[in-house]
2 protein chains.
Amino acid sequence: MNILVCDDDKEILDAIKIYLENEGYKVFRASNGLAALEVVEENEIHLVIMDIMMPQMDGLRATMKIREDKNIPVIMLSAKSEDTDKIMGLNMGADDYITKPFNPLELIARVRSQLRRYMTLGSMETKSNVYKTGGLVIDDECKVVTVDGDEVKLTPVQYKILKLLTANAGRVFSIDEIYEKVWKEVAFSPENTVAVHIRKIREGIEINPKEPKYLKVVWGIGYKVEKI
Amino acid sequence: MNILVCDDDKEILDAIKIYLENEGYKVFRASNGLAALEVVEENEIHLVIMDIMMPQMDGLRATMKIREDKNIPVIMLSAKSEDTDKIMGLNMGADDYITKPFNPLELIARVRSQLRRYMTLGSMETKSNVYKTGGLVIDDECKVVTVDGDEVKLTPVQYKILKLLTANAGRVFSIDEIYEKVWKEVAFSPENTVAVHIRKIREGIEINPKEPKYLKVVWGIGYKVEKI
DNA sequence: CTAATTCTTAAGAACTTCTTAACAATTAAC
DNA sequence: GTTAATTGTTAAGAAGTTCTTAAGAATTAG
């Protein structure tokens, strides 16, 4: 499996190369978007890891260019300071993204996950990012949530929380875990933020928020979306 | 969970040790990078907290060395004066970093977060987190207990006790042992707390709590869950 | 058989976690 | 720059859990 890593910081490039090679991947390097396009053109690349901020051609444009004629999974890299929402919005064609400083284990896991997905898809198919449990359906491509066919309007944060829980229906997430996954930073003071969003989500998706059918509390542990 | 703390300042070392031990972690210490490598080599370390500026071998090199053959999360420590951006860039392999002076709560939160990430990434496709004995099944991911297929509602403490006993079905645990493992602190005065919880658990999982099928007493020694 | 020990059980006080609403701060849209 | 929408904070009350106490039952040892 050949992976192209594209970043203008040589140290990061080297670090990622080491991690990936440890896992048995062959690693190609490029230090800007233009160089990346060349490498993709001339080699059989199976996955690209791409920084956003780079000289000459940034990662977003490069990703779009690559996507014009190849169907290769792309994982975006970005500093935490850059607004992740914006990245997600802009992120035309990226399959996943990771914020710096990143956890090498997470990088490996996401690489594996993307490769696995593309293998089974046999390429070219459109991926169906739809999560379902009972009458609750989340279409992640359209960013639309429906309950028994009726569309529910959720705000971005609400949407992310519900998607996390629904994509992993049955699994319980602690409040800290939810906070980390959605806000991408560590929570260390007891705040009520997540609880309030949970309440708002229930208002949207539950017929009777006091007796939730989908979004349930697991006392003393956290919240989960029931697997139905 | 074993944590290695590596810093040349003995006061910081001691302080961190105390915080971590309060949370139930076992703490190893090292005062420079070389010593750290030895400790990692000779013990099963699950996470490393590493200062950057140290004599003999600095934290960055030590982190890279550790990462060459082990997949252990590393949290970097650094004085605020050192440019954090540079650290982020350099941060070859560190999973997270904290600046001195640090907030103990933040330290704990980040440690927990890394261990959690590491666990879920590591177990992504390997262990299943399900414990079974006879008709008793504990799904630790969903925090759900079932007996012959029927869900049983348990409180967090009850759940933790039952999980401890079921994960080690057949083994007998003394009341003090159960107390220490679940509450993560030592028990001195003979209290009745555990016994009361045992009773409640039996009420939940046993058809007839007076003649328990799973959660049995071993007279004069403690309790166990029968291995079936 | 009796006493000592250990285990079981119940009830309620003390405590923690969750829900909810109202308001403040921030961000996006016009 | 004003307005609207979203997000975050606070605080009070509701709901649920844990711990303590105490009394009774079962088991062991002398």
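By convention in this document, chain letters (A, B, ...) are assigned in the order of the sequence lines, proteins followed by strands, and residues within each chain are numbered from 1.
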What are the two closest heavy atoms between Pro209(B) and Glu203(B), and how far apart are they?
CG-CA, 4.1 Å

Under-4.0 Å salt bridge between Arg112(B) and Asp176(A)
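Between Asp176(A) and Arg112(B) there is no salt bridge, as every charged N stays at least 4.0 Å from the carboxylate O atoms.
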
Matching residue for Thr133(A) among Leu165(A), Ile138(A), Val225(A) - test: side chain to side chain contact (heavy atoms under 4.5 Å, CB included)
Val225(A)

Nearest-Å distance, NZ (Lys160(B)) to C1' (dT18(D))?
12 Å

Using whole Å, what does the distance between atom C1' of nucleotide dT6(D) and atom OH of Tyr159(A) come to?
18 Å

Integer-rounded Å distance: dT26(C) C1' and His197(A) NE2:
12 Å

For the helix from dC1(C)-dG30(D) to dC30(C)-dG1(D), figure out the bend between the end axes, five pairs an end, and round to 10 degrees.
40°

Once the angle between the rings of Trp183(B) and His197(B) is folded into 0 to 90°, is it parallel (under 30°), tilted (30 to 60°) or perpendicular (over 60°)?
tilted

Do the side chains of Lys213(A) and Glu211(A) get close enough for a salt bridge, i.e. N-O under 4.0 angstrom?
no

dT18(D) OP1/OP2 closer than 4.0 Å to side-chain N/O of Thr193(B)
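So the side-chain polar atoms of Thr193(B) never come under 4.0 Å of the phosphate oxygens OP1 or OP2 of dT18(D).
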
How does protein reach along nucleotides 14-23 of chain C, written 5' to 3' as B (base within reach of a heavy atom under 4.0 Å), S (only sugar-phosphate), or - (no contact)?
--BBSBBB--

Does Gln158(A) reach a base, just sugar-phosphate, or nothing at all? Heavy atoms under 4.0 Å.
nothing

Between dG8(D) (P) and Tyr179(A) (OH): distance, integer Å
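Value for this atom pair: 7 Å.
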
Between dT6(D) atom P and Ile201(A) atom CD1, what is the distance in whole Å?
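In whole Å, dT6(D) P and Ile201(A) CD1 are 14 Å from each other.
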
